[in-house]
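Reminder, nothing fancy here: chain letters follow the sequence lines and each chain counts from 1.
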Amino acid sequence: MSRERGPSRRVFALGLGALFASACDRPARPAGEVAFWFSYGGNNRKVLLELVSRFHREQSAVRVVPTFQGDYFEGLVKLRTGLFVGAVPTITHVVGEVVPYLARAGVLERLEGVGDAVLSDLEPALAQFGTFEGAEDEPLVALPFNRSTPIAFFNRTIFRELGLSPPTTWDELRAVASRASLVGEEARWGFECPVDWWFWTALVGQAGGRLVEDGRITLGGEPGARALELWQAMVHDDRTMRSPPGRDFNAWEASNGDFLAGRAAMIWTSTAFVRYLEENASFPVGAAPLPGDVRRAVPTGGTFFVMPKGLPAPEREAGLAFLRWMMQPQQASEWARRTGYMPVSQAGRRELEATGFFREHPNFKVAVDQLSVAQRWPWAPELFRVQREAVQPRLEAAVSERLDVRKVLAEARLVAEAG
Amino acid sequence: MTTRLVLEGLSKRFTGRGAVHTEALKKLDLEVRDGELLVLVGPSGCGKSTVLRLIAGLEEPSEGRVLLDGEDLVRVPPQARDVAMVFQGYALYPHLTAAENMAFPLEMRGVSKVEREQRVREAAAIVGLGDKLERLPSELSGGERQRVAMGRAIVRRPKLFLFDEPLSNLDAKLRAELRVELVQLVRRLGATALYVTHDQGEAMTMADRIAVMRGGELMQLDTPRTIYERPANAFVAGFVGTPSMNMVSVADSPRVAGLTLGVRRGATCGFRPESVRFVKDGADTANPTEGVRLEGRVVLVEPQGAETFVHVDGEGFVVRARVEGFGGPELGSRVVARVGAAELHWFDESGRRVEPLA
Amino acid sequence: MSLRPTRTFHPYAMLAPTLAVLALFCLVPLGVAFHKSFFAWDLLTEPEPVGFGNYRALLASGELGELIVRTLAYSVVVVSASLTLGLALAVALNREGRFYAFVRSAVFSAYVVSWVAVALLWLWLLDPQAGLIARVSKGLGLTPVDWLGNPRVVLFTLAGVTVWKITGYAMVIFLAGLQDVPRSVLEAAALDGAGPWQRFRYIVWPLLRPTATFVATTSLILSFQAFDIVRVMTQGGPVRSSTIFVYAIYEQVFVNMRVGRASALTVVFFVLLLGLTGLQWWLWRKSADSRVAT
């Protein structure tokens, strides 16, 4: 952080510094130590920490100190505050939507140093340049590791009993949800999906829309509205869909919980939960790609590794060494196998195919196959703000209170454009 | 309207830690007659305040009855008893003015505002509080607060007044003045009142009758004069009178130190200081078998103005004597004193008074 | 005796340490916030001057009005309920005996527990599926209320949890106040013909007024500062229905990365609190003038 700052900003920094009990001056790190702030919980955390231990067994020059920093958004708050007061980790990971913003703010280190061998092996659709469009001339600042798409999970027992198969269109989605719903004592939702930016984006793409068109934030225009109307219809008219309560990932956990408890026949969530759901369900779990409307489309999700700018060279190199190791086929495939995220290494994916893993575990392959219809995010610095401030806070009310979706989106556009 | 308060077999036990009972009052029988000012006196812990609180309804008796004009009050809550009480600390309502304090009992009884004001004015005039009515208790002196408390008690014209050491928070001079005012007030109102004090002097001066208590029991109930002249037992004899009565235990020996007793009529012999008369040595002509003869040295002289207290040490036994004015023997001088046989009080082993043979 | 200082700087020297702390932790940050409220700034890029833009945005979006109404609603419930319950409990439990001592400690213990622990506890109790309250109401054949999921209910749920936590404190202060009411004064009132209710109405309550004012002030301050419980239990939702002032400030700066907007909110909050303090001070003075205070 070499930029000049005014005195009042320094005072502010002092205040924030005191607030987080972190010193203003970056603490010097021992040579070879990599501070790694992560946001993985549950099984993902376990797998990650085991990978780190293996990394330590295989070499001794670099020592990784992983620190849990809460969920993605909490982690981001800490990263931003850390960046401001100059107390940053060597490596952390952030959601895709925030990468353009951080890159434009100039706080991210270039990561070409990870090496061509690694870069050329990365799955194009999951790496930075394949994830974003309009970023061909931007520097490489983000490396993929846990990458996902939304997929559908269904309760095979229920589906078999009712003779249902996973829906491939919106109409089928409504029909299947309706067939699988039960009212009364043993109430069951046919469909459950967090009313969340990510799934809305998927619906917008399926309805033929894009969030940003010709550099203007359109929030999908008419397809954006139709996406919300589908949810409204399923919640209020069909009464077949539950919009789980809770903010951000609380809602995701709620829908997973309902699915596992048999209270929801089908849910949409991240492929990241394949392993978790399979291991915790008392019934066979099926996975399927999301349906289409005018077309098939899904966004990608998950996080990228990033490195704050301006670290001492040895620390930077140590961080790159760890990233390099993590991107290698063996680690990438182990991570995918044990979690449900997609392998970011092409060689790693081929290995999973060759060893028959995908044949034995078809649920793990759904997201990989779905990559063919994955939509790229716009390389827009305001993308994150559009998500967090303009769209996400309005979705829940729009669906639960059945607001006029065009008015809601117009309002969101106004907020998004105001910047 | 006449008032008659009767206490029948009134007992009160307090249960303390570990279910240990303390008997504060043991089967008390007592009658307060109409228009009488009866003073309950005794050392602290004798149960006198408990009597008052039982009559007021602030405590429930363990046994016995409280009859006011024949009605048993035991199950009646304090607010429904027609009894007014003046507390030791006055217990004025700190957030109300003197007038509001005095109007409070009327207000609680639904007396109209006009009448309230009228009666408060009257009461204020009676207790001599005319111009301080709009002040808060914190803005009044101790004596004035006392008057407010008095006013609050009389304003509602209760059947019975209870006074719980109402003067003990005042300095001696003010206490003496208010004592007089209080007696006059009670007499003027023709009120029936029970007055509790630990000060036997207060009891003597104020009471129509005195009830002396000790350890939850009634020791004697009679007029001040009888209590003084014919104490029913050694305790009453010692408690009433200042300086208190000289008491000589004569159980074992006819001669106690420098004291020579004549005919013995009990285990303990008592005589009041004013009964002691100094005689010139050699001029002692009285019959040595009657009364008391004392030889000793003057160890302390306490002149009070109108009287002087002389302490005579007869080889370890100190006798208090009272003489008029500043007269009497000098400090350090050897003296002989006598007490006439008729002025001796005799008590048996249990402390009960032994009447002289007729 | 003169109370005039021998040197004019003496009083200032005495005040200096307090003033320094006050300046460092209150005045300077407030000044910085005031300054920053005229900028758009995300902590990472250069601040951009926007004039009254932040204030205008807060007003135009209607957010400010909603925030104030929500925060006041929460405060009114918290203050009135903790005051009433605290007083009722104090009166009911102002007795001797081990049982009452136990109940008193039990009620007060909630106050000692940290906010986060209380929030987590209630999150669990109020869980619509597995929560104790949902199970009990199902067992009684009642329709379970979605305490944290219903936008019309959630603010009052949070207020209820807050009341649960702080009532013990109000009770203890009231108990101290009650013990300052001399027993003989209550006995005098009883003999003056006042029944239990009248004794409370005409004697106890007027004497507890200063205590009540104190309790009301502290719980008002506390209710305006509420944050932890919102952060843990609802994150301001659903649909912003439990976003109260301090949480909104947090959300602006730490979620939306809008330091300027957050600063503007802080300034408004400060002015609001200043106004409330002024009002309270004025009411206090008024009641003191009418000689109700001791």
Side-chain angles (χ1 to χ4, degrees), chain B residues 14-17 49 52-53 55-59 73 76-97 100-111 134-139 148-149 151-156 158 160-166 169, chain C residues 83 87 90-91 94-102 104 173-216 283-294:
Chain B
F14 291 105
T15 308
R17 247 170 220 288
S49 282
L52 227 54
R53 298 175 63 78
I55 296 167
L58 301 174
E59 308 276 359
L73 291 183
V76 180
Q79 58 266 28
R81 301 188 181 191
D82 197 5
V83 171
M85 182 156 163
V86 178
F87 290 79
Q88 181 171 357
Y90 319 128
L92 298 182
Y93 310 125
H95 58 297
L96 301 180
T97 62
E100 287 164 343
N101 260 282
M102 287 160 69
F104 188 79
L106 300 177
E107 205 177 332
M108 290 302 108
R109 283 177 170 74
V111 175
E134 295 313 314
R135 298 211 186 160
L136 288 174
S138 57
E139 300 162 335
V148 176
R152 186 174 67 183
I154 65 170
V155 73
R156 47 179 263 227
L160 179 69
F161 287 96
L162 302 173
F163 297 93
D164 190 6
E165 309 218 17
N169 281 17
Chain C
L83 209 65
L87 181 58
V91 170
N94 189 21
R95 273 161 236 243
E96 311 244 324
R98 272 188 211 168
F99 173 74
Y100 292 104
F102 170 76
R104 281 197 300 267
I173 303 293
F174 274 125
L175 274 170
L178 279 177
Q179 268 149 25
D180 276 350
V181 177
R183 196 171 134 176
S184 64
V185 167
L186 292 177
E187 290 174 348
L191 284 165
D192 280 345
W197 167 247
Q198 287 166 316
R199 289 201 287 274
F200 178 80
R201 167 76 185 74
Y202 295 106
I203 308 296
V204 177
W205 175 242
L207 291 177
L208 281 183
R209 280 275 287 275
T211 312
T213 313
F214 175 77
V215 171
L283 285 173
W284 174 267
R285 282 281 299 260
K286 221 177 81 169
S287 70
D289 285 348
S290 63
R291 298 211 300 178
V292 170
T294 49

Legend entry - Spatial distance of atom CG (Leu186(C)) from atom CG (Leu58(B)) [nearest 0.5 Å]: 10.5 Å
Legend entry - With Asp192(C), the side chain to side chain contact (heavy atoms under 4.5 Å, CB included) member among Glu107(B), Gln79(B), Arg152(B): Arg152(B)
Legend entry - Nearest non-hydrogen partners of Ala189(C) and Tyr93(B), listed with the distance: CA-OH, 3.0 Å
Inset, instruction - Taking heavy atoms only and a threshold strictly under 4.5 Å, list by residue number the residues of residues 174-183 of chain C that touch chain B; give 'none' if the list is empty. - result: Arg183(C)
Legend entry - For Phe87(B) against Glu187(C), the heavy-atom pair lying closest together: CE2-OE1, 3.6 Å
Legend entry - Portion of Leu162(B) that has a non-hydrogen atom of chain C nearer than 4.5 angstrom: neither
Legend entry - Gap separating the CE atom of Met108(B) from the CG atom of Leu191(C), nearest 0.5 angstrom: 13.5 Å
Inset, instruction - Measure distances from Ala84(B) to the heavy atoms of chain C and classify the residue's part below 4.5 Å as side chain, backbone, both or neither. - result: neither
Inset, instruction - Using non-hydrogen atoms and a 4.5 Å limit, figure out which bit of Gln198(C) sits close to chain B: side chain, backbone, both or neither. - result: side chain
